Student: 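There's a structure below that I have some questions on.
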Amino acid sequence: MAEDSDLERTEPASPRRLEQAREEGDIPRSRELATCTILLAAGLAFWFSGESLVRRLNHMLAAGLSFEREQAFDFNLLLMRLGFSLGDVLIGLAPFAGILVLVALGSPLLIGGWLFSTKALQPNFSRMNPLSGLGNMVSTRALVELLKAIGKTILVGSVAWLVVRSKVESMLSLSVEPIATGTAHLAHLLLTSFIAIVASLVLIALIDAPYQMWQYANKLKMTREEVRQEAKESDGDPQVKARIRQMQREMAKRRMMAEIPNADVVVTNPTHFAVALKYTEGKMRAPVVVAKGADEIAAKIREIAAEHKVAMLEAPPLARALYRHTELGDEIPAALYTAVAEVLAYVFQLRAYSKHGGVRPSAPDHLEVPAELDPLNAARPDNGLMQ
């Protein structure tokens, strides 16, 4: 059952999967939305600018039909005049055409956005496979497209029939109107009918656009195995990363153990914690932690310190505070300066005694450690003593 669930495409597409699909030119598109947008823009543009456009074209037509006698017998002059006339027509249609171009370029932003992919231009011979073509013809997508085409035909045809039926009397009255008035009336009837019919496509576009988005997301869904494999490829194999982290910890531990012989003192708890400190006068602002550990690591620190005759001092509150509030290479907190200074003073006196003899110094038995830095005090109200 677990293997079956891994093979089912139940996971949403990852950002990487979406980016790969986009690079291959695979993005959601709604042809119905683009067609509806362009046709509506054409109808509205003609509604607001049609009168001035028709008047300008009428003027250019009248000017084009009147020419001088020399132009009728000179092919070059006639050709030049034709070029000027075509230029005037293009200039007159430029605003209308510009609006359509802008809408055509902007309509992809409604769904999918702009995209130029060279991979989509590369030849794909698998598309020439007849079996694949037959499979596409009987697929769910083909069935949906067929139903959509039938629905669009029925809807647009019904709206067109209703519009034409409501305009029958107006169209019959055109025969008794003057040419100028009838022409304007006819243009108005055609334009309003066109906009009404195109407006019916809005319903289809509002259904098709969400469906295309859903179908695209469903097509790019991933299995759980694909998600795991992609995570391995992008982030690395978790087992390998765990092994690397383990090796890094071991290397850091070896470096830490190598610093213990150079330490000035090891403060212990006496068994649970051990923190090695080093201070070089004139080179360090404050003592630095060169090694720290708990339980087995603390025992190893004590063992190495004893082997290299590094001074050790049992000071449980100080050891707990140093272990909790410092990291390797950190200077000790300022609140512990006084306590650590007493420890180092004892260590340096002990070294002098070892070299020159005299009175053996006494180990400090009461070190001032702020209560808020001792984890034992922080843990006592909640869960008892912390050893």
Side-chain angles (χ1 to χ4, degrees), residues 242 245-354 359-387:
R245 286 194 296 267
Q246 181 182 358
M247 293 176 64
Q248 290 174 340
R249 287 193 296 267
E250 292 177 354
M251 293 174 63
K253 181 180 176 182
R254 286 195 294 268
R255 289 194 300 268
M256 181 182 73
M257 295 302 179
E259 292 292 329
I260 296 174
N262 301 322
D264 293 316
V265 64
V266 175
V267 183
T268 65
N269 193 32
T271 57
H272 289 288
F273 300 116
V275 181
L277 302 174
K278 181 177 178 59
Y279 177 68
T280 303
E281 188 175 358
K283 295 183 179 180
M284 298 179 180
R285 296 183 306 172
V288 174
V289 176
V290 296
K292 56 177 283 189
D295 300 326
E296 295 181 1
I297 298 179
K300 186 65 175 178
I301 291 174
R302 293 194 301 271
E303 179 184 342
I304 296 176
E307 181 182 348
H308 292 83
K309 296 182 173 55
V310 177
M312 287 187 286
L313 177 67
E314 292 185 8
L318 181 59
R320 290 192 297 263
L322 288 171
Y323 182 84
R324 174 62 64 89
H325 299 287
T326 60
E327 297 295 338
L328 291 179
D330 287 353
E331 295 181 352
I332 64 171
L336 299 177
Y337 280 0
T338 301
V340 174
E342 292 185 38
V343 173
L344 292 176
Y346 163 72
V347 171
F348 295 151
Q349 292 172 8
L350 190 62
R351 288 179 183 175
Y353 167 76
S354 300
V359 180
R360 182 182 180 87
S362 300
D365 56 357
H366 181 70
L367 299 173
E368 296 183 3
V369 177
E372 64 272 12
L373 295 184
D374 187 354
L376 181 64
N377 295 327
R380 182 177 289 115
D382 297 328
N383 51 11
L385 297 178
M386 175 178 176
Q387 298 296 329

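Since we're looking at a predicted model, the values are computed, not measured.
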Student: Report all side-chain donor-acceptor pairs from residues 251-268 shorter than 3.5 Å, counting only partners two or more places apart or in another chain.
Tutor:
| unit_1 | atom_1 | unit_2 | atom_2 | d |
| --- | --- | --- | --- | --- |
| D264 | OD1 | R351 | NH2 | 2.9 |
| D264 | OD2 | Y279 | N | 2.6 |

Student: Nearest 0.5 angstrom please: L373 CG to I332 CD1, how far?
Tutor: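 Going from CG on L373 over to CD1 on I332, the span is 11.0 Å.
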Student: Which donor-acceptor pairs under 3.5 Å do side chains of residues 333-344 form with protein atoms, sequence neighbours excluded?
Tutor:
none

Student: Roughly how far, to the nearest 0.5 Å, is CG of L313 from CG of L350?
Tutor: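 Separation between the atoms: 10.0 Å.
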Student: For residues 289-302, please give each side-chain donor-acceptor pair under 3.5 Å, one per line with the distance, not counting sequence neighbours.
Tutor:
| unit_1 | atom_1 | unit_2 | atom_2 | d |
| --- | --- | --- | --- | --- |
| K292 | NZ | Y323 | O | 2.7 |
| K292 | NZ | T326 | O | 2.7 |
| D295 | OD1 | H272 | ND1 | 3.3 |
| R302 | NH1 | P270 | O | 3.3 |
| R302 | NH1 | T271 | O | 3.2 |

Student: Are there more than 12 heavy atoms of other residues, nucleotides or ligands under 6.0 Å from atom CD of E250?
Tutor: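 Above 12, so yes.
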Student: Quick one: pull up CD in E368 and NE2 in H366 and give me the separation to the nearest 0.5 Å.
Tutor: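 NE2 of H366 is found 6.0 Å from CD of E368.
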Student: Only counting residues at least two apart or in another chain, list the ones meeting side-chain hydrogen bond (donor to acceptor under 3.5 Å, both in side chains) with E331.
Tutor: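 side-chain hydrogen bond (donor to acceptor under 3.5 Å, both in side chains) check on E331 returns R285.
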Student: Provide the full list of ring pair (Phe, Tyr, Trp, His ring centres under 6.0 Å) pairs with a residue in residues 282-312, sequence neighbours left out, each pair given once.
Tutor: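 Those involving residues 282-312 do not exist here.
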